[in-house]
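The structure under discussion appears below in the form of structure tokens.
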Protein chains: 2
Amino acid sequence: MLTKSSTELVRQRNSVLVLSVLRRHGQLAHTEISDFTGLSSATISAITTELEKAQIIEKSEQQAASGRGRPRVLLRQRRDCGYLIVVIISSDAVQYSLVDYAGKLIDRFSEERSHDPSGAGRFVQAVRTGLSRILDRSKISQEKVLLISISSKGLVNSTEPVLVWSPIFGSDQIDFESALRPEWQAKVILDNETLLVAAALGAREEIVKGADFRSLAALSLGHSIGLGIVRRGNETGQEVSAPNFGHMLHMAGGGLCRCGTRGCIEAYAGFYAILRSAFEVPLDTIPAKFVPVAELDKIAARARQGHRTSTFAFRQAGLALGNGLSRMLSLTERMPISITGPGTRYYDLLRQGIEEGLGQSHIVRMEGMPEIRVVPDEPILVFEGHLNRALSVIDQDIVISGVQGGE
Amino acid sequence: MLTKSSTELVRQRNSVLVLSVLRRHGQLAHTEISDFTGLSSATISAITTELEKAQIIEKSEQQAASGRGRPRVLLRQRRDCGYLIVVIISSDAVQYSLVDYAGKLIDRFSEERSHDPSGAGRFVQAVRTGLSRILDRSKISQEKVLLISISSKGLVNSTEPVLVWSPIFGSDQIDFESALRPEWQAKVILDNETLLVAAALGAREEIVKGADFRSLAALSLGHSIGLGIVRRGNETGQEVSAPNFGHMLHMAGGGLCRCGTRGCIEAYAGFYAILRSAFEVPLDTIPAKFVPVAELDKIAARARQGHRTSTFAFRQAGLALGNGLSRMLSLTERMPISITGPGTRYYDLLRQGIEEGLGQSHIVRMEGMPEIRVVPDEPILVFEGHLNRALSVIDQDIVISGVQGGE
DNA sequence: GATTATTTTCTCGACAGTCGAGAAATTTGA
DNA sequence: TCAAATTTCTCGACTGTCGAGAAAATAATC
């Protein structure tokens, strides 16, 4: 359904536009903003004075010497305009980061995670104390925290911050919104981890390719398997999604997965699955809860020396991934694939299987093999994705709610 | 990348909005347009007088008696504002329809299709003469034809009107844009047939559910298998896509498909595949080019009487469809599925397999079985989808290009 | 040191668009 | 014939963008 437009909406969108170029390029002068946005100088004046009055941006005292002429005055976000807390949940720890409005990291710590499975409720409690702790350490008042951005592996509700399914808690849903609302008035968003990786890669790619960028997928290999897809939207920036790829059906009636279903991709390509297959344990064995990476390294070493069942295990994993990717490509357009996560260290062993698995489908035979890149540093990408998404959400909210209220 | 907004853009969008409610509800009075759009009466006045001057809409002489008070004057599209030609390519015929700007069918005929496979070039030639013919018969000048909307089964380029792969011509690409450009200055669009079915169903659904509508998939069963997905977009109406579902990998190294690959869904669920499987022909047999429906009806009749291999054939087909749908659902959100096409007459035989195939995946076990509806009248939906899409494209183009030029 | 050239920022009036209020138009009912 | 009701139209206020040019501030030049 279409909806009506008004002149106020125009100002809102242009204000967000100004903030977004400021975010992308750091501090900028009046003229530069005008160049980047395509808006006239007069409009930039109007918008920036408004944003300055609302205490969202400020004039930087550091003058950029720009040859002769009136010196430029640089504008930048006010760091203390608001704060962001990033919570990254991984299988063995939870990392808390406090970030200011300009995207600068202020404080960070990690907390070990207890491995007891019973504790969805206890886990939420731990997150709440973690959040209090990072706030206390920084002496920032709670109202100044505008957004709490959480990420986890698993399946996430697309509209509300609810963890629908996760490798650790299974179908024990966690609703972060209602869990944090009593204490925090900040907005809470939750994203799948690999979605954030894809978002970060997409943002990088768009800087390089500009308007030529179309789409991209990120595949994360580890104990579990994640996939994120980012597509260029019409005008609303990029669209990202995190399908339930690890638990897509690879083979009906196949190996038993941690989720309880048979034949998921993860049941062939997850770390525990590779272990199981290398030791020729029956495929209906209940998977190990946790596999040390050292264990897999040993199998990989043997595979590299030509050991048959070890090689076979990685090959099976590759095939499952390749078949799955081909199915994903059948449902989307052709796009490059970036492989990331701890599993990238075995890419040499997985590669042949992946390519063969891809090649078994009509779409790949017709359009050719998609471009595959290996990008090992996943944690950096996750954090970068958090910042990209969270800060642009803050920009949006701040403009919609805060501009006229600032003075 | 975000892009700048201006007040002119606001007028453009609101004009398109006015045209779209006019299209949805037929002729409307000033006040009603105001109610439907949420725009103020003054704005409606401004926009409608502009559109009337540009000869896009007109006052209807038929006065709607509305009790006491000043009588309403109804506004409606001018039928002769422009015309649309709809070309529906199916496996045995090509249907041409001439439609006026108000969506009324003016003329229609079908032409048999020669089954010779060599003729991508000859086929394009046939389409060109078909288009000339429908224009000649109606005595409408060529410039008045604003859009030619074509549909076919197969894989379509998402940005240009290029048929990338089709059941009949294989990888012999057909670029309708360059084929028709010398004669026609009308815009040319090409969509996958099942995409249009999905679009039509989505539009119907949105009328019923309004803002509650989220997404929906249409599955077309026949000689080949098609899938269309429609999702509610942010504010830009609905987003539709037509994945290459029929040739998604069902089972690595499986039955030989018409496309030359092994193991496609179509190689299990297409009419030719059901035939092959019912007669226990080896799965690597080159598929029949064309299967009369009567032939399949016979198999279905036997299956309904309990004949084993016939039942098995339909069950295998259902499993392939169910597995494929579960994979699709793993990559999207949960959505209802409408099954359409000639294959719906065998739905009683397919159903169990489809449900079992769906149930083998994690996503369905977790979220439950998606709602499945059977909607047999596919041709009507295809045409309805054509009109929905084509006329809204025309509205958009007409507002962008034509409004100030009208006077 | 005064002047000129150059560059950036700011300001003003014109123009486009939406909205609310109320005037004008037109029919029904008393 | 007049009042009530309803729709359409019009006017002034407000918001927004833009182009042009004024104002500001520095570097180069004489």
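If you're wondering where the values come from, they're calculated on a predicted model, not measured in any experiment.
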(message) The criterion is salt bridge (Lys or Arg N to Asp or Glu O under 4.0 Å); which residues satisfy it with D107(B), sequence neighbours excluded?
(response) R137(B)

(message) Distance check needed: dT7(D) P versus K59(B) NZ, whole Å only.
(response) 16 Å

(message) According to side-chain hydrogen bond (donor to acceptor under 3.5 Å, both in side chains), who are the partners of S41(B), at least two apart in sequence or on a separate chain?
(response) H30(B)

(message) T43(A): which residues meet the side-chain contact (heavy atoms from CB on, under 4.5 Å) condition with it, sequence neighbours left out?
(response) L39(A), S40(A), I47(A)

Can you tabulate the close N/O pairs, meaning under 3.5 Å, that link protein atoms to atoms of nucleotides 22-26 of chain D?
{"residue": "dA24(D)", "atom": "O4'", "partner": "R70(A)", "partner atom": "NH1", "Å": "3.3"}
{"residue": "dA25(D)", "atom": "N3", "partner": "R70(A)", "partner atom": "N", "Å": "3.3"}
{"residue": "dT26(D)", "atom": "O2", "partner": "G69(A)", "partner atom": "N", "Å": "3.3"}

(request) Could I get the full list of side-chain contact (heavy atoms from CB on, under 4.5 Å) partners for K104(B), not counting sequence neighbours? (result) R79(B), D100(B)

(message) I need the NE2-C1' distance between H30(A) and dT8(C), as an integer number of Å.
(response) 8 Å

(request) Kindly write out the residues that satisfy side-chain contact (heavy atoms from CB on, under 4.5 Å) with S178(B), not counting sequence neighbours, or none if the list is empty. (result) D175(B)

(request) Mind checking salt bridge (Lys or Arg N to Asp or Glu O under 4.0 Å) for K59(A) and listing every partner two or more places apart, or none if nothing turns up? (result) E52(A)

(message) In the structure I gave you, are the side-chain heavy atoms of L190(B) and E160(B) within less than 4.5 Å of one another anywhere?
(response) no

(request) Sort and list the pairs that fulfil salt bridge (charged side-chain N to carboxylate O under 4.0 Å, His left out) and have at least one residue in residues 139-150 of chain B, not counting sequence neighbours. (result) none

(request) Calculate the interatomic distance between L28(B) atom CG and dT8(D) atom P; express it in whole Å. (result) 11 Å

(message) According to side-chain hydrogen bond (donor to acceptor under 3.5 Å, both in side chains), who are the partners of E205(A), at least two apart in sequence or on a separate chain?
(response) K209(A), R373(A)

(request) For L146(B), enumerate each residue passing the side-chain contact (heavy atoms from CB on, under 4.5 Å) test, keeping only those at least two apart in sequence or located in another chain. (result) I394(B), I398(B)

Polar-atom pairs under 3.5 Å, protein N or O versus N or O of nucleotides 17-21 of chain C: list them with distances, or write none.
{"residue": "dT18(C)", "atom": "OP1", "partner": "N14(B)", "partner atom": "ND2", "Å": "2.6"}
{"residue": "dT18(C)", "atom": "OP2", "partner": "R11(B)", "partner atom": "NE", "Å": "3.0"}
{"residue": "dT18(C)", "atom": "OP2", "partner": "R11(B)", "partner atom": "NH2", "Å": "2.9"}
{"residue": "dC19(C)", "atom": "OP1", "partner": "K4(A)", "partner atom": "NZ", "Å": "2.9"}
{"residue": "dC19(C)", "atom": "OP2", "partner": "S40(B)", "partner atom": "N", "Å": "3.0"}
{"residue": "dC19(C)", "atom": "OP2", "partner": "S40(B)", "partner atom": "OG", "Å": "3.4"}
{"residue": "dC19(C)", "atom": "OP2", "partner": "T43(B)", "partner atom": "OG1", "Å": "2.9"}

(request) Find the bend of the helix from dG1(C)-dC30(D) to dA30(C)-dT1(D) as the angle between its two terminal axes (five pairs each), to the nearest 10°. (result) 30°

(request) Quickly work out the R72(B) CZ to dA25(C) C1' distance and round it to whole Å. (result) 16 Å

